[in-house]
Each structure stands twice: as C-alpha cells, then as structure tokens.
2 protein chains.
Amino acid sequence: MTEALRTAVDPDHETTLELIETAGDSLCTLLGRCRVEYDGRAASTLDSGDRLVVLKPDGTVLVHTDEGQQPVNWQPPGCTHEADIEDDHLVVRSHRTSPDEKLVVRFGRVVHATAYEATDAAELVLTGTEADLRERILAEPSLLEPGFEPRATERETPAGAVDIYGQDSNGNVVIVELKRRRVGPDAVSQLNRYVAALDRDLHEGTTVRGVLVAPSVTDTARRLLDERSLEFVSLEP
Amino acid sequence: MTEALRTAVDPDHETTLELIETAGDSLCTLLGRCRVEYDGRAASTLDSGDRLVVLKPDGTVLVHTDEGQQPVNWQPPGCTHEADIEDDHLVVRSHRTSPDEKLVVRFGRVVHATAYEATDAAELVLTGTEADLRERILAEPSLLEPGFEPRATERETPAGAVDIYGQDSNGNVVIVELKRRRVGPDAVSQLNRYVAALDRDLHEGTTVRGVLVAPSVTDTARRLLDERSLEFVSLEP
DNA sequence: GTCTTCATGTCGGAT
DNA sequence: ATCCGACGTGAAGAC
C-alpha cells in the first residue's frame, strides 16, 4: 500500500528537500523559521520568524504566520517551485510568468515537514450569494415593486452588464443592481454608470429608472442615490 | 525545555482533542478527511474530502483543499473554537458574534496533527503600493504635469477622501485619483464621484479637473473618462 | 489572453 | 462599532 502521508520531525535539509522533490500530487506543509522575499507586481521582504509554509500540487504557495486569515506571502496556482540547499539553508523558490513574479522562502531550520496525498472530489455548496438574490427576484418580481417585469439578466450596456433589466407598470425601463450586503458609495456609482449609459443609448423620452437592491445602505450612499434620483429597495439574499 | 512542537501521526480522536485543547499559543495543523459546514453571512456545506485545517492562536480557522490559493472555508481572527468527539468523529466548532457565524469541521479520520509554538516578530516590508505612487508624485509633482502643486492628501469631500488635491498652473482645482495597477470603469466612477461632489461645493466658476493616475487604462474606462471630461496620466508605482 | 464584477472578500485607518 | 477604500486582492465567467 502506498502511504498517503509522509512526515519528518526536525528534519535536516536533505530530508526536507527529498520530501519536497518527491511530493508529486501531495500537499506539503513546512513548519520552521524562515525569511521570505517576493518580487513581482510589488516587492516585499520579511525577516526571520516561525511560519507555516504550504505547497500545493497545483503550484500554490502560502506563507502563514501565527496571526491573520491572509497569508503574509503567497504565490497563486500555476506556479512552478523548486527547492535547494544553499548556505546551510533550505530554499524554496516559486516562480510564474505573466506577470513575472517570484517568491523565495529561506529556512534556517525546518521543525516539521509533511507530504499528504489528499484526494478531494467534493465541491462547496454555497447559498446566500448575489445569484440567489437575483433568483429570488426573478421568481417573485413584486419583491422589487408591484408590476415589475424582468426582461433580461446580464444585459449589456456600453458601461457594462446590468444585473436585471426590466420594465415597470408604466412601461419605464428599470435597471436593477444587486448587492448581497450593505452598500456604500461604490455600488451607487456602479448603478449610476449603467443608467447614464442607457439614458444615452435609448430613445429620447424613454425614462430609465435605476434601483439598487441590497439589505441596507450607508448614509453617504443614500445621499448619493438621492442626488442622482436613483432608488433603493431593501432585500436580503 | 518546553517543546515548541508537538506532533501526532495517525492519532486517535482523543489524542487530537488533547492536542487542540492544550494548544495555547500554538499554531495547529490537522490533516485528514472531513466535512465542513458554515453558517453566517452566507451558508455552505462541503462533503467529505482530504484537507488541511489550520487553527491559529488568534482564532483564525482555515480549511484548505489541495487546490487553490483561497481556503474553501474559514473563520476570521477573533473567533473562539472548541473541539469535541461526537459519534466517533472529531468535531471542531468555531464561532463568532457580530456577525453571528459558525464553522463546523467534522473529521472522520485525522491523519496527522501538529501544534507549533511559533514566534514571529517580523513585519512585512512592502513596496510598490499606492502610497509609494503618491509619495513619488508629492516628491516630484511635475510627474503629473508641469506646474502642478499638491495642496493636500486625503482631502475630504462629501463623497469621500481624495487621494491628492492640488492646483494646476492656471489656478484650477485638480483632483487626483491614484491606482497602482491598470484601471477599469470602477476607478473612473470613483474619480467622477469626487469631482461631482467638489463641483457642487466649490464656488461657481471654479474649474475642477479630475485626473486618474495609473499604469494604464482599459478601453471602456478610457471612453468613460472622455465622456466625463476626465483625464488620464500614465505612471507606475 | 483581457475585461468585468463578485466575494462569507480581508485588512487597515479614521470617526 | 461603522464607514470607506486599498489589496501583490483572488476567482469566475464572458469574449
């Protein structure tokens, strides 16, 4: 039987190197003290500290400190990485092109290393997204307002695609922008952009209404809505 | 000497439970087959699969599959978590309030567990940010245009704070919006929002120019800039 | 590839 | 606590 897991406690660099190089489809974790350098879209350096480094078989690299949800440094999927021993350090280099980016993790000491052949066929089932909110309105358009009739989703305008495009009971065009959470000024600007684009394109005399749908709205956003004669409807996803 | 690292290979649930409960300031990693449920701002379920679960001493929880840079499920820092054995499963529950969110990871089998007392005093030094671009312009305002004179940064308007507020050689007000990377329609809307707000506020007759500074601009954004009589200057951070 | 927008975005700074 | 915008945002879908 092939072992799905290999581990090394307080490994010397040769052992760690061998584990990384024979990782294949395994997920690798490295615990130890390291420095990190990154150069690409931006550039960064990180002094020595104890961290968890994760190497995924898809090329992802994550450097996690003991704090925070986000990795302090990383490389995205699709990167190639290699490991070497240099100057008594275990060095992991990850690289990608377009954009050209490289990450170098230099371990003085590796405290623990694992390679785990993980198999995972499951897919996340997520509800409460903006798409769910859209389906809710399409199934029951009166949630927006009585007489509302959806005509299209993702309808294109010169300024981008509108979430829901429809008509009200008076025959006016209605543009609906959906947000799954409380909205700020950016969402108002987005809606305004679509309304302005359609105002330009449609026949003179056609009234274009813009409706922002979200659970709630900040004061600033509310003021911006009023200034631009845009509307707000409170709905949760 | 206190061991900075504890590990358990193919541990029974009691062993894993003990390791988690005595983790203290340690960073914990769990490798094994689990199901995950999340309920909070949204809700999700994830069927059984082999994953890496990271428990940080600050309350962060990360569930990583063998693919992707992002965790498939997570909890942010500040959460409290507890572990239990239920129905022959090791169950890790993480919870927070405001918003009320909970994450449940249910392991059928844990293949490996570690607790690592990581110490990390280092801070990331990052260059190539928007702040760097701002400093570059403030040090040499002619990069924007000859005669430009910065007057303030983060100047408040009714629509939000402007990156750089200044004057051109003709005494016109200049509003500068900075982006460290190629910009799309959203950045144009943002700049337009600030310009419109100041146009309203300032005396009649004062000309307010809006300048978007970024490495480059998409076609749509370029067209939007032109329609609103806003300007673009190409600069890298 | 580029473009556009969503995200359980996360994070930090200011109020 | 909320608001607001930056982020090496990442990820997905359309073209």
A:Val217 vs B:Leu126, nearer the 5' end of DNA chain D by closest nucleotide | A:Val217
Round to the nearest Å and state the distance from A:Leu212 atom CG to C:dC6 atom C1'.
-> 15 Å
Which one, C:dT8, D:dG10, C:dT5, comes nearest to the side chain of A:Tyr194?
-> C:dT5
Across the strands shown, which category fits A:Glu67 at heavy-atom distances under 4.0 angstrom: base, sugar-phosphate, nothing?
-> nothing
Respond yes when some side-chain nitrogen or oxygen of A:Gln70 is under 4.0 Å from OP1 or OP2 of C:dG9, and no when none is.
-> no
When we call it a touch if two heavy atoms are under 4.0 Å apart, what does A:Gly128 touch: a base, just sugar-phosphate, or nothing?
-> nothing
Protein-nucleotide distance (B:Glu154, atom CD; C:dT15, atom P), rounded to Å = 11 Å
Does A:Ile137 reach the side chain of A:Leu178, with side-chain heavy atoms less than 4.5 Å apart?
-> yes
Tell me whether the OP1 or OP2 atom of D:dG10 has a side-chain N or O from A:Arg41 closer than 4.0 Å.
-> yes
At under 4.0 Å between heavy atoms, what does A:Arg193 touch on the DNA or RNA strands: base, sugar-phosphate, or nothing?
-> sugar-phosphate
In whole angstroms, how far is the C1' atom of C:dT5 from the CG atom of A:Leu191?
-> 15 Å
Whole-Å distance separating the CG atom of A:Leu62 from the C1' atom of D:dG8 | 14 Å
Base, sugar-phosphate, or nothing for B:Asn73, non-hydrogen atoms under 4.0 angstrom?
-> base
Any donor-acceptor N or O pair under 3.5 Å, side chains A:Asp84, A:His89 = no
Return yes if a side-chain donor-acceptor contact under 3.5 Å exists between A:Asp132 and A:Thr129, otherwise no.
-> yes
For A:Glu156 and for A:Gln75, find the nucleotide of DNA chain D with the closest heavy atom, then tell me which residue's nucleotide is more 5'.
-> A:Gln75
Between C:dT8 (C1') and B:Glu37 (CD): distance, integer Å = 15 Å
Decide whether B:Gln75 and B:Arg96 meet the rule of one side-chain donor and one side-chain acceptor closer than 3.5 Å.
-> no
Determine the Euclidean distance between corresponding C1' atoms of C:dA7 and D:dG5; express it in Å to zero decimal places.
-> 16 Å
Does B:Gln69 make a side-chain donor-acceptor contact with the base of D:dG10, cut-off 3.5 Å?
-> no
In whole Å, what separates the C1' atom of C:dT8 from that of D:dA14?
-> 25 Å
Quote, to the nearest angstrom, the P distance that separates D:dG8 from D:dC4.
-> 23 Å
C:dT8, D:dG8, D:dA6: which one has an atom nearest the side-chain heavy atoms of A:Arg96?
-> D:dG8
Closest listed nucleotide, where the reference is the side chain of B:Pro77 and the choices are C:dT10, D:dG8, C:dC11 = C:dC11
Side-chain atoms of A:Ser98 come closest, of C:dG1, D:dT9, C:dC3, to C:dG1
Base, sugar-phosphate alone, or nothing: which one does A:Ala159 contact when heavy atoms must sit under 4.0 Å apart?
-> sugar-phosphate
Using a 4.5 Å cut-off on heavy atoms from C-beta on, say whether the side chain of A:Arg134 contacts that of A:Asp163.
-> no
Candidate nucleotides C:dT8, C:dT4, D:dT9, ranked by approach to the side chain of B:Arg181 - the nearest | D:dT9
Below 4.0 Å: OP1/OP2 of C:dT8 and any side-chain N or O of A:Thr129 = no
Donor + acceptor pair across side chains of A:Thr45, A:Arg35 (<3.5 Å) | no
Would you say B:Trp74 reaches C:dG9's phosphate, i.e. side-chain N/O to OP1/OP2 under 4.0 Å?
-> no
Checking C:dC6, D:dC7, C:dC3 against the side chain of B:Glu130 (C-beta onward), the nearest is D:dC7
Toward the 5' end of DNA chain C, which comes first, B:Ala221 or A:Ala131, by nearest nucleotide?
-> B:Ala221
Is there a side-chain contact between A:Val92 and A:Val53 (heavy atoms, below 4.5 Å)?
-> no
Determine the contact category for A:Glu101: base if any of its heavy atoms lies under 4.0 Å from a base atom, sugar-phosphate if only primed atoms, P, OP1 or OP2 are that close, otherwise nothing.
-> base
Rounded to whole angstrom units, what separation is found between the CZ atom of B:Arg134 and the C1' atom of C:dG13?
-> 12 Å
Measure from CG on B:Asp58 to C1' on C:dG12 and round the result to the nearest Å.
-> 16 Å
Go through C:dT8, C:dT5, D:dG5 for me and flag the one nearest to the B:Pro185 side chain.
-> C:dT5
Candidate nucleotides D:dC4, C:dT8, D:dT9, ranked by approach to the side chain of A:Thr218 - the nearest = D:dC4
Once you round it to whole Å, what is the distance between P of C:dT8 and CG of A:Leu133?
-> 14 Å
Any side-chain heavy atom of B:Gln190 within less than 4.5 Å of one from B:Val183?
-> no
Between the base of D:dG5 and the side chain of A:Asp186, is there any donor-acceptor pair under 3.5 Å?
-> no
Residue B:Arg180, side-chain heavy atoms: nucleotide from D:dT9, C:dT8, C:dT2 that is nearest | D:dT9
